[in-house]
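The analysis underlying the following values was restricted to heavy atoms, covering all of them including side chains, and did not include hydrogens, waters or symmetry mates. Proteins come first, then strands; the chains are lettered A, B, ... in the order of their sequence lines, and each starts at number 1.
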Amino acid sequence: MNEELISKKELLEKTSISYGQLYRWKRKGLIPEDWFIRKSTYTGQETFFPRSQVLSRIDRIKNMKDDVSLDDLADVFAPKQSTGKQTPDSIVERGIVSADVMALFIEARGDDKDLEFGEMLSLYIFGTVLSSGDVNLSEAKQMLDVYHTSAIKHGDTASEMYLTRKLGTFSCFALSPPVKICFDKDTKLVRRIDINAAMEELKLKIV
Amino acid sequence: MSDNKKANVIINGNGTSPGGDYNNVKINGSGKIDGDVTCVDFVIHGSGKAMGSVASTLLHVNGSGHVLGVVKTGELKARGSATFNEAVSCESASISGASTFLKNLDAKKIRVSGSIKVDADCSADSFFSTGLFQIGGLLSADTVDIRLGLVKSTAKEIGGEKITIRTTPGRAKVRSFFGADKPLLETDAIEGNEISLESTRAKVVRGHNVSLGSGCDIDVVEYTGVLKKASDANVGEEKKV
């Protein structure tokens with residue numbers, strides 16, 4: 001991927017954070033190691049970052065750091081599932097999914113026991129897709145099937161889902177970046193879901 | 001022995017024990033732990049080798065120690081010589097002998113009074129050294145406080161909030177006695193908020209407030225606040241950003 005980069009100096013200027021903060025956040029794992037890209041320039045070695053990713057990440061850190069400790073934040077950004085269960089009621093209360101979607105879920109599962117993080121995540125993705133209006137219920141269920149299959153096959157690494165439609169027929173697939181894809185011209189990309197981003201959003205709602 | 005009580009491993013003299021989940025592990029003499037070990041205290045007097053990883057609340061090496069696997073511990077104390085092949089993370093690390101870390105060293109507090117060599121990155125909330133260090137990667141801490149030892153210390157890069165590098169004048173006599181080189185810190189780049197340096201050779205120094213004392217030789221200084229410079233500090237280029 002040929003992403004636009006931002007130099008460390010410009011980053012500090014733009015976000016008005018200090019070297020100390022940047023290094024601290026790096027140590028705490030809030031900014032992933034592989035975002036630090038070293039390049040030779042005419043002034044010697046310089047560090048660059050993927051521009052859009054790092055800017056939005058720092059923005060979020062700055063907004064949240066007053067309410068949440070840095071260590072908790074690191075958990076939020078870590079691309080792994082957190083632990084802890086939630087009751088169906090508290091999930092609706094926290095606005096993770098609407099009560100209607102929850103009812104559908106309980107009906108499909110057949111009980112209303114507490115939900116594990118993995119279940120919450122698929123439910124959250126399901127709810128977001130459904131409420132976007134891009135897909136109908138059976139298509140959303142189809143997407144969920146694909147998500148579960150890929151989660152079993154690839155673990156947490158499959159981190160993007162593509163929902164497409166060609167001549168009205170819905171299709172959906174999961175992939176693990178970095179990959180490049182190309183559709184035929186009749187295929188319309190309905191929606192792209194970033195699982196890691198969804199995971200972050202969900203963790204924030206639980207914190 | 002009841003099931004819920006974990007066994008101690010004590011090797012007196014010469015011996016090998018398999019890895020496992022123990023209470024305390026103590027090696028007096030020469031011993032080897034042949035696998036991953038989880039325990040409370042891990043103490044080596046003499047010579048000890050752990051072939052796998054170590055997870056403990058305390059790891060003391062008096063004499064010589066060698067851990068081949070990943071180390072996760074609370075208090076790491078290395079007096080004597082210790083070598084760690086994999087990443088080490090701990091609450092506090094106190095290095096008073098000669099220790100070598102082939103991968104990252106991560107701690108809340110690092111104190112070096114002997115000599116330390118880290119081939120990768122070294123990170124802590126606070127890093128305090130009165131000894132020697134050689135860091136192949138980035139040395140990063142909120143406070144980096146370095147009293148330069150007798151000879152040259154190096155780090156690829158140093159980054160943090162408050163970075164202080166001092167020479168210790170009291171050691172001048174000892175130095176001349178040994179005919180040692182002047183104390184010096186050599187690094188590619190130093191980046192921090194408050195930077196105060198002495199006897200430092202760096203390609204780039206970037207910070208808010210920068211103070212360069214005697215013996216500094218810096219190619220480029222970039223600062224946003226105030227730059228203070230001793231008369232015998234050598235600076236190639238100054239840029240106020």
In Å, rounded to the nearest 0.5 Å, how long is the span from CG of A/L12 to NE2 of B/H208? 13.0 Å
In this structure, OG of A/S18 is separated from CD of B/E191 (nearest 0.5 Å) by 11.0 Å
For B/A189, is it the side chain, the backbone, both or neither that has a heavy atom under 4.5 Å from a heavy atom of chain A? neither
Taking every non-hydrogen pair under 4.5 Å, which of B/V241, B/D125, B/L138 racks up the most with chain A? B/L138
Does either side chain, that of A/Y23 or that of B/E161, offer a donor lying less than 3.5 Å from an acceptor on the other one? no
Side chain, backbone, both or neither: which part of B/D219 has an atom under 4.5 Å from a heavy atom of chain A? neither
So with a 6.0 Å cut-off around CZ of A/R57, is the heavy-atom count from everything else above 12? yes
From A/Y19 OH over to B/I158 CD1, what is the distance, rounded to the nearest 0.5 angstrom? 14.0 Å
Can you see whether B/S123 engages A/R27 through a side-chain donor-acceptor pair at a distance of less than 3.5 angstrom? no
Is it true that atom NZ of B/K228 has more than 12 heavy atoms of other residues, nucleotides or ligands lying nearer than 6.0 Å? no
Indicate the atoms forming the closest heavy-atom contact of A/G20 with B/N193, along with that distance. N-OD1, 3.0 Å
Quick note, salt bridge (Lys or Arg N to Asp or Glu O under 4.0 Å) partners involving residues 122-134 of chain A, not counting sequence neighbours, are A/D134-A/R191
Other residues, nucleotides and ligands only: do more than 12 of their heavy atoms fall within 6.0 Å of NZ on A/K9? yes
For B/E222, which atoms come within 4.5 Å of any heavy atom of chain A: side chain, backbone, both, or neither? side chain
